[in-house]
Protein chains: 2
Amino acid sequence: MAALKYSRQRESIKRFLMSRYDHPTADTIYLHVREEFPNISLGTVYRNLALLTELGEIIKITTDGPDRFDGHVEPHSHFLCRKCHSLLDVHLEDESFIDQQAQKNFPGMIDGHSVLYYGICSDCAK
Amino acid sequence: MAALKYSRQRESIKRFLMSRYDHPTADTIYLHVREEFPNISLGTVYRNLALLTELGEIIKITTDGPDRFDGHVEPHSHFLCRKCHSLLDVHLEDESFIDQQAQKNFPGMIDGHSVLYYGICSDCAK
DNA sequence: CATAATAATGATAATGGTTATTGTTTCTTA
DNA sequence: TAAGAAACAATAACCATTATCATTATTATG
């Protein structure tokens with residue numbers, strides 16, 4: 001049943017995401033990986049992004065507009081600049097604290113969260 | 001320039017959202033409002049949802065799948081059940097605390113956030 | 001090593017949610 | 001009550017994403 005096979009394209013996508021901290025879209029990833037694999041198709045990029053997300057090797061960030069991807073899976077949050085729309089990392093001292101606080105007033109079982117902060121990034125604030 | 005004009009359709013959309021706590025999609029809203037306005041078009045629903053969101057009278061919640069809408073704008077968070085995909089309200093004791101914590105380690109200016117919790121709702125846990 | 005089995009690919013069509021366009025209708029105000 | 005403008009219904013267009021399918025690459029096996 002669906003034994004995973006190695007693919008150079010997938011490897012390349014993963015490597016690219018690990019090298020980046022700007023949370024590129026599928027299209028940006030496509031344009032980059034195409035330098036190494038000129039014939040790669042956008043469908044292959046999407047397919048592998050979905051697969052890697054399912055495997056927990058990358059994170060998919062859903063916002064307004066196209067999804068963005070993060071090759072760094074340690075728990076952290078994100079910030080979206082209202083001006084330049086860049087998506088930046090935010091590191092909280094204790095990510096699990098958020099879940100604990102919410103759990104106090106919520107009857108279901110909370111096992112995770114995703115936070116998106118909004119504001120003006122330091123570059124745009126200048 | 002763009003003086004806002006009253007519309008019964010918009011009124012009805014707003015009224016419906018205020019009466020609900022289940023964060024319906026544009027399509028669900030469309031199906032409901034159609035009972036009152038059988039000729040309303042889906043485009044009108046989208047147009048008014050965008051307008052109301054811009055005015056701050058409702059909140060747009062972007063997740064995987066179609067956007068969902070909330071007629072209650074007091075600060076609160078949301079919970080998405082991994083099983084039944086219902087979207088529920090979560091009320092934190094202090095919503096602004098999250099911003100303050102993040103601001104400690106972030107150089108830009110944070111002026112808001114949206115949190116989406118994940119887990120199993122109390123109904124599905126049974 | 002050769003070959004069979006099957007997962008992954010590239011090319012492309014299809015989908016689904018959302019936005020834009022256009023001609024008509026409904027509000028507003030003067 | 002008539003002119004001007006915003007909102008409408010109908011529908012086409014758009015864009016991100018997913019599905020299809022014939023071919024190629026990777027892995028398992030004899």
Side-chain angles (χ1 to χ4, degrees), chain A residues 1-17 22-55 57-70 78 80 85 87 116, chain B residues 1-17 22-55 57-70 78 80 85 87 116:
Chain A
M1 62 289 271
L4 199 64
K5 261 176 201 173
Y6 174 81
S7 107
R8 291 174 269 178
Q9 289 87 340
R10 182 158 62 239
E11 161 91 23
S12 177
I13 289 167
K14 174 103 188 272
R15 200 162 3 95
F16 178 59
L17 280 176
D22 64 346
H23 315 91
T25 63
D27 204 64
T28 303
I29 296 164
Y30 170 61
L31 290 176
H32 175 88
V33 177
R34 204 144 66 137
E35 292 171 15
E36 190 176 353
F37 298 93
N39 293 330
I40 194 171
S41 117
L42 185 53
T44 296
V45 173
Y46 273 104
R47 189 166 355 94
N48 281 300
L49 288 172
L51 181 52
L52 290 169
T53 300
E54 209 172 334
L55 294 173
E57 297 190 26
I58 66 174
I59 289 168
K60 178 167 87 165
I61 305 159
T62 299
T63 66
D64 263 19
D67 291 342
R68 307 182 67 160
F69 295 88
D70 192 335
H78 295 109
L80 184 62
H85 304 103
L87 189 61
L116 187 57
Chain B
M1 62 288 272
L4 200 62
K5 261 178 201 173
Y6 174 82
S7 107
R8 290 173 270 176
Q9 289 88 340
R10 180 159 63 239
E11 162 89 23
S12 177
I13 289 166
K14 173 102 187 271
R15 201 161 3 93
F16 177 59
L17 279 177
D22 64 346
H23 315 90
T25 62
D27 204 64
T28 302
I29 296 164
Y30 170 62
L31 290 175
H32 175 89
V33 177
R34 204 145 65 137
E35 292 172 15
E36 191 177 350
F37 298 93
N39 294 331
I40 196 172
S41 118
L42 185 54
T44 297
V45 172
Y46 273 104
R47 188 167 358 92
N48 280 301
L49 288 172
L51 180 52
L52 289 168
T53 300
E54 209 171 334
L55 294 172
E57 296 191 26
I58 65 174
I59 289 167
K60 179 166 84 165
I61 304 159
T62 299
T63 65
D64 262 21
D67 290 342
R68 307 181 68 160
F69 296 88
D70 192 334
H78 296 106
L80 183 62
H85 304 104
L87 189 61
L116 188 57

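Contact annotation: B:Ser41 does not reach the phosphate of D:dA10 (side-chain N/O to OP1 or OP2, under 4.0 Å). A sub-4.0 Å separation between OP1 or OP2 of C:dT19 and a side-chain N or O of B:Tyr46 is absent.
In the set D:dT26, D:dC8, C:dG17, the nucleotide with an atom closest to the side chain of A:Tyr6 is D:dT26. Across C:dG10, C:dA8, C:dT18, the shortest atom-to-atom separation from the side chain of B:Pro66 is found for C:dT18.
Using a 4.0 Å cut-off between charged nitrogen and carboxylate oxygen, A:Glu57 and A:Arg10 do not count as a salt-bridge pair.
Computed from coordinates, the B:Leu52 CG to D:dA7 P distance equals 11 Å when rounded to whole Å. Remark: P of D:dA6 and CG of B:Leu51 are 12 Å apart, rounded to the nearest angstrom. Atom CD in A:Glu11 sits about 14 Å away from atom C1' in D:dT26, given to the nearest Å. Distance, B:Ile40 CD1 to D:dA7 C1': 11 Å, rounded to whole Å. Here D:dA7 presents its P atom at 18 Å from CG of B:Leu42, a figure rounded to the nearest Å. B:Tyr30 places its OH atom 10 Å from the C1' atom of D:dA9, with the value rounded to the nearest Å. Rounded to whole Å, atom C1' of D:dT17 lies 15 Å from atom CG of A:Asn48. Nucleotide D:dT26 holds its C1' atom 11 Å from the CZ atom of A:Arg10, rounded to whole Å.
Aromatic ring orientation, A:His32 versus A:Phe16: parallel (interplanar angle below 30°, classes split at 30° and 60°).
At a threshold of 4.0 angstrom between heavy atoms, the contacts of A:Arg47 include nucleobase atoms, whether or not backbone atoms are also involved. Among the heavy atoms of the strands, none lies under 4.0 Å from B:Asp27.
Between B:Thr25 and B:Thr28, the closest side-chain pair of non-hydrogen atoms falls below 4.5 Å.
Residues A:Gln9 and B:Asp67 each lie close to DNA chain C; by heavy-atom proximity, the contact nearer the 5' end of the strand is made by A:Gln9. A residue-by-residue look at B:Gly65 and B:Ser7 shows that B:Gly65 has its nearest nucleotide of DNA chain C further toward the 5' end.
Under the 3.5 Å distance criterion, with hydrogens and angles disregarded, a donor-acceptor pair is assigned to the side chains of B:Glu36 and B:Ser12.
A donor and an acceptor atom sit less than 3.5 Å apart, one in the side chain of A:Lys5 and one in the base of C:dT6.
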Take A:Leu49 and A:Asp67 through the side-chain contact (heavy atoms from CB on, under 4.5 Å) test and state the conclusion after the steps. CA-CA 10 Å; A:Leu49 288 172; A:Asp67 291 342; over 6 Å; no
